[in-house]
Amino acid sequence: MINIGLLGLGTVGSGVVEILESRKEKISSLIGEEINIKKILVKNVNKKRDIHLNKDIIISNFEEILNDHTISLVVEVTSDIEQSYEYVKLALNNGKSVVTANKALVSKYFEELSALAEEKNVSFLYEASVGGGIPIIKPLKEELILNSVDKVQGILNGTCNYILTRMFNEGLDYDEVLKKAQELGYAEMDPAADVEGPDTLRKLRILGSLALQGKVGEEDIILEGIEKITSFDVRQIKLMKSTVKLIGEVKEYEDGYSALVMPTIVKDGSYFASVNMAFNSVTFEGDNIGELKFYGSGAGKFPTGDAVLRDILDIALDFDRKQNPLGHRILKNNNSEIKDKYYLRISESKENILKSVEDISEKILSTKDNIAILTNEVEIKEIMDIISSLDIEKDEYFIARILD
Ligand code: NDP
Ligand code: HSE
């Protein structure tokens, strides 16, 4: 019997428990033994839970998992970063393998935890941390053996994609759709992590560091979220026969790399425009394989629980090589050289603002109530410097990159 210590019993944790229960016999026949959740660590043991479980296995003291020598695998699906980091480090140091869906944790401590797992000859797997149910980490790691991967691009946040889809397709209001995404279990505990972009940034940091085989740090990624989009922007962008997606992109660029997370205008009918609701898609390009596209459910109880269980099965079947998948390339960040065209809206219509943006404008879309322009091809630094020089609040503008 393989005993698991589960950390967290929220949306993802209960998905893991329920899939394990419903596929019990199939799993046993595949691996030749049973997978048993022996203990479940939660924050509040007294919380009323809508799940059938022996209540005695729900605990609040991690030591009970750490010191249980029959538990060989810790599955971490909490919403906590620092406390979970301590738990994961202790588990790895004690020779227990770890599976996690917690991208904030993976992103913050990626290099350290990957090296520690290799040193202790145990597995550290995190398929569910990027793209919910989509198999992306494992295929990317496998292709890295045969390819140099020089670009990763994707819609990586289900909550943002759900909000944008319903705003563009149904004309719904931002706050109303965000609330719905929270009810559906897509959003993070603090949804600012979704709509302001850090969740996409963390996923991109994980994919980018694997793909380029060198550290792409959180601080190396340009970040703009979708939280400032208004129905005015939706109307303008629909007139361009386009839509907006929050896209993360890391690519080899000039003699280094570029990395950004930005609302991105894509033409109706294009590939990314067809990725809707809480679906995610990731594409990467390898020198042998060419372009690979992955598409599927980016969030939610069962897709994410399924991805966690795939990692658990890989460990149970001893498929994981237990090698640190990260490379040692020292990468030069060339973000300041990225050149693109942008849509820029400023929710004030003042003469001095219009004057400041005129030089970079290819087309002026509006000067009434809001100033909205389409820019020439400009360096991102130039446009951000112009925005900073205007006397406006952070929530008074919306910028989106235009993808050909
Ligand atoms: P929830 O908020 O639904 O559940 C979090 C769980 O973690 C709860 O059971 C909570 O306990 C427990 N918890 C929080 N802090 C601690 C702590 N310090 N010690 C022990 N237990 C703790 O989150 P989700 O299930 O939605 O997400 C879990 C993780 O998976 C997150 O890191 C998230 O980013 C990631 N993820 C989520 C996806 C989704 O679709 N929801 C998709 C992919 C990844 P209690 O029940 O007592 O409050
Ligand atoms: N909050 C995340 C999202 C969960 O909406 O994509 C999946 O990582």
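Atoms within a ligand are numbered from 1 in the order they appear, just like the ligands themselves. Note that the coordinates shown come from a computational prediction; the quantities given were computed from them, not determined experimentally.
When heavy-atom distances to ligand 1 are checked against a 4.0 Å cut-off, T304 comes that close only through its side chain, counted from C-beta outward. At a 4.0 Å heavy-atom cut-off, ligand 1 touches A128 through the backbone alone. For K43, heavy-atom contacts with ligand 1 shorter than 4.0 Å involve the backbone as well as the side chain.
Judged by the shortest distance from any of its heavy atoms, L7 lies outside the 4.0 Å radius around the atoms of ligand 1. Within the 4.0 Å heavy-atom cutoff, K301 does not count among the residues contacting ligand 1. Note on ligand 1: S79 sits in its first shell, one or more heavy atoms being nearer than 4.0 Å.
Between E82 and Y109 the shortest side-chain heavy-atom distance falls below 4.5 Å. In this structure, K39 and L6 have side chains that are not in contact, with every pair of non-hydrogen atoms separated by 4.5 Å or more.
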Give the table of side-chain donor-acceptor pairs shorter than 3.5 Å for residues 49-58, with sequence neighbours excluded, one pair per line with atom names and distance.
{"from": "R49", "atom 1": "NH2", "to": "N44", "atom 2": "O", "distance (Å)": "2.8"}
{"from": "N54", "atom 1": "OD1", "to": "D56", "atom 2": "N", "distance (Å)": "2.9"}

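Here salt bridge (charged side-chain N to carboxylate O under 4.0 Å, His left out) pairs that include residues 130-149, with residues two or more places apart or in two chains, are K138-D314.
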F279 vs Y162, ring-ring contact (aromatic ring centres under 6.0 Å, His included): CA-CA, chis, key distance, verdict:
CA-CA 8 Å; F279 285 91; Y162 181 84; over 10 Å; no
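Within 6.0 Å of the NZ atom in K179, the count of heavy atoms belonging to other residues, nucleotides or ligands does not exceed 12.
Residues passing the salt bridge (charged side-chain N to carboxylate O under 4.0 Å, His left out) test with R401, sequence neighbours excluded: E249, D340.
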What are the polar N/O contacts of ligand 2 with the protein below 3.5 Å, with distances?
{"from": "ligand 2", "atom 1": "1 (N)", "to": "Y186", "atom 2": "O", "distance (Å)": "2.6"}
{"from": "ligand 2", "atom 1": "1 (N)", "to": "E188", "atom 2": "OE2", "distance (Å)": "2.6"}
{"from": "ligand 2", "atom 1": "1 (N)", "to": "D194", "atom 2": "OD1", "distance (Å)": "2.7"}
{"from": "ligand 2", "atom 1": "5 (O)", "to": "G158", "atom 2": "N", "distance (Å)": "3.4"}
{"from": "ligand 2", "atom 1": "5 (O)", "to": "T159", "atom 2": "N", "distance (Å)": "2.9"}
{"from": "ligand 2", "atom 1": "5 (O)", "to": "T159", "atom 2": "OG1", "distance (Å)": "2.6"}
{"from": "ligand 2", "atom 1": "5 (O)", "to": "Y186", "atom 2": "O", "distance (Å)": "3.1"}
{"from": "ligand 2", "atom 1": "5 (O)", "to": "D194", "atom 2": "OD1", "distance (Å)": "3.4"}
{"from": "ligand 2", "atom 1": "6 (O)", "to": "G158", "atom 2": "N", "distance (Å)": "2.7"}
{"from": "ligand 2", "atom 1": "6 (O)", "to": "K203", "atom 2": "NZ", "distance (Å)": "3.2"}
{"from": "ligand 2", "atom 1": "8 (O)", "to": "K103", "atom 2": "NZ", "distance (Å)": "2.5"}
{"from": "ligand 2", "atom 1": "8 (O)", "to": "K203", "atom 2": "NZ", "distance (Å)": "2.8"}

